[in-house]
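Keep in mind that this is a model prediction, so the values were computed, not measured.
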Amino acid sequence: MSEETVPQQGGTGQPKGLLQQMEELMAALNADLSALDADLQAAGDADRGPGEEEQVG
């Protein structure tokens with residue numbers, strides 16, 4: 001990954017707790033996955049021609 005981030009210390013100079021770091025990392029991962037899902041959905045919609053329906057089943 002080109003944008004790896006390391007959890008930073010809070011503005012108060014106290015290190016963040018492990019739970020808070022994990023929550024922030026999970027939130028960032030969730031946002032990234034949501035963006036990826038949206039990109040994939042848009043790409044899938046673009047591949048289908050007009051009037052084509054997604055077949056479920």
Side-chain angles (χ1 to χ4, degrees):
M1 291 180 147
S2 60
E3 293 184 17
E4 291 182 350
T5 58
V6 177
Q8 300 293 318
Q9 291 184 348
T12 60
Q14 295 178 340
K16 293 181 180 178
L18 182 59
L19 181 58
Q20 183 178 356
Q21 290 179 14
M22 291 300 295
E23 288 175 347
E24 291 175 2
L25 288 171
M26 290 300 294
L29 178 61
N30 193 27
D32 288 344
L33 289 174
S34 294
L36 177 61
D37 183 49
D39 289 346
L40 291 173
Q41 292 289 334
D45 290 343
D47 287 343
R48 284 188 289 208
E52 287 187 50
E53 294 291 327
E54 182 176 350
Q55 294 184 3
V56 178

| Residues which pass side chain to side chain donor-acceptor pair (under 3.5 Å) with Q20, listed by chain and number, not counting sequence neighbours | E24
| message | Any non-hydrogen side-chain atom of L40 less than 4.5 Å from a side-chain atom of L36? | response | yes
| Which residues satisfy the side chain to side chain contact (heavy atoms under 4.5 Å, CB included) test with L18, sequence neighbours excluded? | Q21, M22
| task | Please determine which of D32, N30, D37 meets the side-chain contact (heavy atoms from CB on, under 4.5 Å) test together with S34. | result | N30
